[in-house]
Amino acid sequence: MIGTQARLDELAKILAIAAEPAGEAGIAKRAKKGIPSVRERVHMLLDPGTFIETSALARQPGQPDALYGDGLVTGRGTIGGRPVVVISHDQTVYSGTVGVTSAQKFMRALQFAFDNACPVVTINDSGGARIQDAVGSIASFGDISRVLEKLSGYVPQVSIILGKCAAGSVYGPINTDVLIGTKDSYMFVTGPDVIKAVNGEDVSAEELGGAEVQAKRGTLHHVAETEQEAYDWARNYLSYMPTSCVEQPPIVNPGLEPEITDSDRELDKIIPDSDRAGYDMHEILLRLFDDGEFHEIRAKFAQNLITGFARVDGRPVGVIASQPLVLGGSIDAACSDKSTYFIRLCDAFNIPLIFVVDTPGVLPGLVEEANGVIIRGGRVPRAIIEATVPIINLVVRKSYGGAYGMMGARQVGADISFAWPTARIAVIGAESAVDLIGKRQLAAVAEEHRAAAREFMINQYNATMATPWVAAERGYIDAVIEPARTRLEIRQALRLLRDKSPVKPEFNPRKHSIYPM
């Protein structure tokens, strides 16, 4: 008969093996790669001492030498004191690939997040589907995808990309809300060796799917220098998020700086006198929000548009802003995708939107037309119209043409629309307008006086047509405000909109609308 102490000893032995399933070989593999253990990674992410592991003893049935954990560590802990589910691939066990057993662990963890309405963070360092599990492995990815879809828009989902992630281990993360990669991480559907074998094409892993490449493509939302910086970025991102869509985002240090400050007054001089002069929109954003904090998303993708999170009165807001330093702040196909995604992310999790506008319009040209700027740009106003969160529109300088609606104009969906006295709101800019509608007048002017006449007409257009006064007089914007008062005006506006409820839609028997794709 086996006594209690013997059973306890056996448990201790099994748990020790499960903690390092690959044994000395696994330790050596990590040392060679210079990476932490899978559980060290989890502890680097979570609040100290809060991790509770689940299914640590799971392994493939019918195989006496099968490794515990099956290449995956799952469990629960807290970030900033709030609950979160964590799923992390173990590179030392079957190269972190997903087999039938680990897929079951994965789905149980996701189902726990669904049942308990808490965020999910996955730490991905995986070769994808496990070849040895054949169809069972790829079928399991289908099962995981169905559970991921249930969570989308219900709880925040964050994916951290480490090492070389391929095939199934990139299709899962791309269907989560944000992807964070370290600078030496990679993402691709098929690796360089497979590509060379299939079509003879020589390509490096860096060219194919290195972190910088994927960030510029918009696949990665942030590239971190180190693993710890990736975990810190994820923690900061989640600090702006509610635990689920049925809750409100957390409040941090409300009610700071109730009066106009010196930093606010700097906004009165921030817009250059010349319409052609650029400036960094970040300089405005840092003066509009609590503590000058701004958590930027997709900073390396479509840099003519800035997206990110800040706080107003301690409450999270999503910010979409033109960047005049890049393409003059024009809207192109790439930043249309960036904007649509961000609008829907914020709307899903009850985060108000603030548009800060200085754009000369939609970027013209053959390249942009070929890039599908019509289709991709057409999704932006649709996303704004469908959003139910409070929306504030602030025009600081140019708001021309189709970009007027794509940057949250009141007629598309803003609840409150502000403009600075420096705002110019029109179909097109003065130079283009004069060249089109003043063509005959200029042709009638003597050539030696034509440039001066054109300059006079441009100034007249700017003074009489492309002004905030016309928009205010006709009720298209709600107020022209002093730049120095903007921070306080936004705070007051959001207080007024705090209890905004979704408009009850008129009856419509459709299942859903159809986005231009």
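Any value given below was found using the heavy atoms of this structure, including those in side chains, with hydrogens, waters and symmetry copies removed. Owing to the predicted nature of the structure, the values given are computational and were not obtained by experimental measurement.
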Would you say the side-chain atoms of [X] pair up with the backbone N or O of [Y], donor to acceptor, closer than 3.5 Å?
X      : Y      : result
Asp291 : Glu293 : no
Arg311 : Pro316 : no
Asn350 : Glu247 : yes
Asn393 : Met407 : yes
Arg382 : Ile514 : yes
Ser169 : Ala166 : yes
Asp347 : Ile343 : no
Thr359 : Gly329 : yes
Arg287 : Glu283 : yes
Arg485 : Ile260 : no

- Message: Run the side chain to side chain donor-acceptor pair (under 3.5 Å) test on Thr182 and Asp184 for me, step by step, so that the C-alpha distance in whole Å, both residues' side-chain angles and the decisive distance to 0.1 Å come before the verdict.
- Response: CA-CA 5 Å; Thr182 53; Asp184 53 358; 3.0 Å; yes

If you measure from [atom1] on [X] to [atom2] on [Y], what distance do you get to the nearest 0.5 Å?
X      : Y      : atom1 : atom2 : result
Thr486 : Trp420 : OG1   : CH2   : 5.0 Å
Leu327 : Asn304 : CG    : CG    : 5.0 Å
Ser322 : Met281 : OG    : CE    : 5.5 Å
Phe289 : Arg491 : CZ    : CZ    : 12.0 Å
Leu394 : Leu288 : CG    : CG    : 7.0 Å
Arg315 : Ile251 : CZ    : CD1   : 3.5 Å

- Task: Begin with the C-alpha distance, continue with both residues' side-chain angles, and end with the deciding distance and a verdict on side chain to side chain contact (heavy atoms under 4.5 Å, CB included) for Ile354 and Val356.
- Result: CA-CA 6 Å; Ile354 297 174; Val356 184; 4.2 Å; yes

For the residue pair [X] and [Y], establish whether any side-chain heavy-atom pair is separated by less than 4.5 Å.
X      : Y      : value
Ile351 : Met241 : yes
Ile174 : Thr219 : yes
Leu345 : Asp177 : yes
Arg397 : Tyr279 : yes
Val84  : Arg76  : no
Leu285 : Ile306 : yes
Glu386 : Ser513 : yes
Arg495 : Arg498 : yes

Over all heavy atoms of both residues, which pair between [X] and [Y] is shortest? Give the atoms and the distance, please.
X      : Y      : result
Pro156 : Leu238 : CB-CD2, 3.9 Å
Ala419 : Pro468 : CB-CB, 4.1 Å
Arg376 : Asn371 : NH1-O, 2.8 Å
Leu267 : Ala484 : CB-N, 4.4 Å
Leu45  : Ala234 : CD1-CB, 4.4 Å
Ala113 : Leu151 : C-CD2, 4.2 Å

- Yes or no on side chain to side chain contact (heavy atoms under 4.5 Å, CB included) for Tyr231 and Ile160, after CA distance, side-chain angles and deciding distance? CA-CA 8 Å; Tyr231 303 133; Ile160 298 171; 3.5 Å; yes

Check whether the ring centres of [X] and [Y] lie less than 6.0 Å apart, and answer yes or no.
X      : Y      : answer
Phe355 : Phe418 : no
Tyr341 : His221 : yes
Phe114 : Tyr154 : yes

- Considering only NZ, NE, NH1 and NH2 on the basic side and carboxylate oxygens on the acidic side, decide whether Asp143 and Arg146 come within less than 4.0 Å. no

Compile the donor-acceptor pairs under 3.5 Å between side chains in residues 470-478 and protein atoms, sequence neighbours left out, one pair per line.
from   : atom 1 : to     : atom 2 : distance (Å)
Asp478 : OD1    : Arg410 : NH1    : 2.6
Asp478 : OD2    : Ser417 : N      : 2.7

State whether a side-chain donor-acceptor pair under 3.5 Å links [X] with [Y].
X      : Y      : result
His282 : Glu296 : yes
Ser126 : Asn124 : no
Tyr186 : Gln214 : no

- Take atom CD1 of Ile385 as the centre, draw a 6.0 Å sphere, and report whether it contains more than 12 heavy atoms from other residues, nucleotides or ligands. yes

- Message: Check this for me: Lys183, atom NZ, are more than 12 non-hydrogen atoms of other residues, nucleotides or ligands nearer than 6.0 Å?
- Response: no

- Which is it for Thr50 and Asp47 under the side chain to side chain donor-acceptor pair (under 3.5 Å) test, yes or no, and what are the steps along the way? CA-CA 6 Å; Thr50 64; Asp47 296 340; 5.2 Å; no

- Message: Can you tell me how the ring of Trp233 sits relative to the ring of Tyr237, calling it parallel under 30°, perpendicular over 60° and tilted otherwise?
- Response: parallel

- Message: Checking Arg487 against Asp290 for the salt bridge (Lys or Arg N to Asp or Glu O under 4.0 Å) test, could you report, in this order, the C-alpha distance in whole Å, the side-chain angles of both residues, the deciding distance, and whether it holds?
- Response: CA-CA 9 Å; Arg487 182 178 59 83; Asp290 294 2; 5.9 Å; no

- Query: Asn175 and Glu149: side chain to side chain contact (heavy atoms under 4.5 Å, CB included), yes or no, with the steps?
  - Reply: CA-CA 8 Å; Asn175 279 293; Glu149 194 281 329; over 6 Å; no

- Before giving the answer on side chain to side chain donor-acceptor pair (under 3.5 Å), spell out for Thr176 and Gln157 the whole-Å C-alpha distance, their side-chain angles and the decisive distance to 0.1 Å. CA-CA 5 Å; Thr176 60; Gln157 297 183 81; 6.0 Å; no

- Task: Test side chain to side chain contact (heavy atoms under 4.5 Å, CB included) on Ile79 and Leu46 and set out the steps.
- Result: CA-CA 5 Å; Ile79 289 179; Leu46 297 176; 3.9 Å; yes

